[in-house]
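First comes the structure, then the notes that go with it.
Every chain is numbered from 1, with letters handed out A, B, ... down the list of sequences.
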Amino acid sequence: MAEQALPAWKRTFEEAGSQILFLGNFFKNIFKSGFEWSEFVRQCYEIGYKSLTLVGLTGFIMGLVLTLQSRPTLADFGAESWLPGMVSLSIVREIGPVITAIICAGRVASSIGAELGSMNVTEQIDAMEVSGANPMQYLVVTRVLATTLMIPILTFISDAIALFGGYLAVNIDGKVSFYLYFTKAISVLGFSDIFPATIKTIFFGLTIGFIGCYKGINSNKGTESVGLAANSAVVTSSLWIFVIDAIAVQLTNLLAYH
Amino acid sequence: METTTNGTKNSATVPLKTEELVVEIRGLKKAFSGYEVLKNINLDLKRGENLVVLGKSGQGKSVTIKCIVGLLKKDDGSVKVFNEEVADLNDEQLKQLRTKIGFLFQNSALYDSMTVRENLEFPLTRVLKLQEQTEITSRVEEVLEGVGLLDAIDKMPSDLSGGMRKRIGLARTLIMKPEIMLYDEPTTGLDPITSREISELILEMQKKYKTSSIIITHDMPCAKITSDRVMVMNNGEYVAEGTYEELERSDNELVRSFFN
Ligand SMILES: Nc1ncnc2c1ncn2[C@@H]1O[C@H](COP(=O)(O)OP(=O)(O)OP(=O)(O)O)[C@@H](O)[C@H]1O
Ligand SMILES: [Mg+2]
């Protein structure tokens, strides 16, 4: 009631404030002694290994379709030989990181949000806190670090599979050698393509884990709030991924071309 | 405001009990988004005693004990544990305090991604920072033996019945050998025989480890078995206190209604 009376902008600021506090708390807890290695490894497995099929399949189709779509246009200009380079540039710089991150927002952020949300509803997080243990360290630090590490790795794998998909599309009539395609695809990639893209994916990973945990831990104490937490984790982290992407493009252009 | 029935606070009828207060709540207020749940709660817990808290559903019993461990922040009044104001403690001090308090949640709150063994090991390795695997195992087995569920050690919480979950929840708090135990409806939803066993377990804990306990319950046999003193609250206010026998004969309608 009192909360509903607050104007929307005020609530937005409150929410932003509490997210910043949560982020600060997260960073503080990374460096506390007693890092939860086994939970971290378990989360890496859950987040990384179990997303592999989905990410790989999407990457493959992405590369295939992108190549098939671009081919006629490039052929019109007689520039078909640019095809591998163009595909690899678009995939490594933009499409690979963003699509992988969006897929992981759907798969990983939602499951973290739902898991922590249901732990919150059933008072497991309270129980952890009351016992004197540190839920921030055990639940949040491990998950956020795991996504921060695994999303870049998943993106790398997805990029590679997408390039392979591109090769299959180029080679549809069997005239292009595997070696030639990959030399062409890789030779166009420079440091200024790979480095910013990697940095970007690290931030994507951080965002996915952080938003998932924040929404889960701060969910309300009703059963329906578990679904809400999962849902808003996906929506919010997807949104942030696009925002970060837009910022990253601007920064990369500034740094690379001036 | 305070209508203490009979006006007699029983004292030293049980030798375990002393007059030293381990929990002292005065004028506690707590509201949720404008709705006042606790209006004026006064509560004393003496060292070594079992205090049973009675009250209708939704009257803020759980909220009261959550204020004791700092899970909820009070709006007004004073909550002192071991003579220290809980709200004034910093994170480290609060953590220290919490290691001395055991909290049995109403719905057990077992960690459902861990086996029973891992649930019990969790506070030992994370809070007491025990390293020795043989010591950890022996403590886990000892406490499981105590609640009679040693054979459930490798089960997942989802494979346990409600009563078993409750007993594992109890084991997980008792493994820390707390000085204060807060039981939130330890016997609700259990059959009379299991309820009785749990009640006797609570008594045994009091004798064995000299714990001081607050027991929230609606289960009158449990209250009768475990209580040294009973407190009744209604509408977020303290209503009456006394021994079980005293309150049974109270002239207050509301108080008596719990007993029949
Ligand atoms: N975290 C919370 N946020 C908002 N309201 C809450 C919260 N916790 C409790 N309440 C409200 O406080 C009131 C008292 O709740 P509490 O759980 O203390 O009742 P109770 O006396 O323990 O009842 P029961 O015997 O059913 O467990 C309820 O109306 C509940 O909706
Ligand atoms: Mg309750």
Side-chain angles (χ1 to χ4, degrees), chain A residues 1-6 11 14 18 21 24-25 28-29 32-43 45-47 50 111-112 114-143 146 216-217 220-223 226, chain B residues 31-36 62-63 65-72 86 91-114 118-129 131 157-158 165 168-170 172-176 178 180-182 184:
Chain A
M1 290 116 268
E3 272 138 39
Q4 260 128 50
L6 281 180
R11 253 182 296 153
E14 267 186 18
S18 98
L21 280 181
N25 205 347
K28 221 166 55 195
N29 275 285
K32 280 210 179 132
S33 68
F35 185 76
E36 298 279 353
W37 281 105
S38 66
E39 176 68 6
F40 173 70
V41 171
R42 194 174 78 87
Q43 288 304 325
Y45 173 80
E46 290 286 326
I47 290 162
K50 291 199 172 167
S111 80
I112 292 178
E115 186 192 8
L116 297 193
S118 82
M119 287 186 77
N120 192 18
V121 171
T122 54
E123 298 182 307
Q124 292 175 51
I125 296 179
D126 286 346
M128 223 173 251
E129 209 176 316
V130 155
S131 76
N134 185 345
M136 201 69 190
Q137 192 173 28
Y138 182 76
L139 298 172
V140 177
V141 168
T142 50
R143 280 165 180 73
I217 286 205
N220 292 325
K221 299 234 159 162
T223 324
V226 177
Chain B
F32 290 107
S33 36
Y35 170 65
E36 212 170 30
S62 300
V63 171
I65 56 171
K66 281 179 187 168
C67 288
I68 297 177
V69 286
L71 267 183
L72 292 171
V86 175
D91 285 356
E92 199 46 47
Q93 290 167 321
L94 187 60
K95 202 176 145 184
Q96 280 307 317
L97 174 66
R98 283 170 170 173
T99 62
K100 294 186 212 153
I101 304 179
F103 195 117
L104 178 68
F105 282 83
Q106 200 163 344
N107 52 21
S108 311
L110 299 182
Y111 308 135
D112 50 21
S113 61
M114 305 179 200
E118 288 162 345
N119 261 281
L120 297 180
E121 285 176 354
F122 193 87
L124 294 182
T125 51
R126 267 53 177 217
V127 183
L128 299 185
K129 312 244 184 247
Q131 308 269 337
S158 52
R165 295 168 64 96
I168 300 295
L170 194 54
R172 192 180 61 189
T173 31
L174 294 177
I175 204 166
M176 300 288 286
I180 301 176
M181 269 300 303
L182 307 172
D184 198 346

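If you take CD on Glu46(A) and OG on Ser113(B), they are separated by 9.5 Å, rounding to the nearest 0.5 Å. Here the CG-CD distance, from Leu71(B) to Glu123(A), works out to 8.5 Å after rounding to the nearest 0.5 Å. Taken to the nearest 0.5 Å, the OG atom of Ser38(A) stands 8.5 Å off from the CD atom of Glu118(B).
Contact annotation for Arg98(B): both backbone and side-chain heavy atoms come within less than 4.5 Å of a heavy atom of chain A. Using a 4.5 Å cut-off between heavy atoms, Glu36(A) touches chain B through its side chain atoms alone. Looking at Lys100(B), neither its backbone nor its side chain comes within 4.5 Å of chain A, counting heavy atoms on both sides. The contact between Leu110(B) and chain A is made entirely by backbone atoms, counting heavy-atom distances below 4.5 Å.
Chosen from Thr122(A), Ile125(A), Asn134(A), the residue pairing most often with chain B at heavy-atom distances under 4.5 Å is Thr122(A). The candidate with the highest count of non-hydrogen atom pairs below 4.5 Å against chain A, out of Asn107(B), Thr125(B), Thr173(B), is Asn107(B).
Across every non-hydrogen atom of Tyr111(B) and Ser131(A), the tightest pair is OH-OG, 4.4 Å. Of all non-hydrogen atoms in Gly132(A) and Lys95(B), the two that sit nearest each other are O-CE, 3.0 Å. In plain terms, the two heavy atoms of Ala133(A) and Phe122(B) that are nearest each other are CB-CE2, 3.6 Å.
Side-chain contact between Gln124(A) and Met114(B): absent, with no pair of heavy atoms (C-beta onward) separated by less than 4.5 Å.
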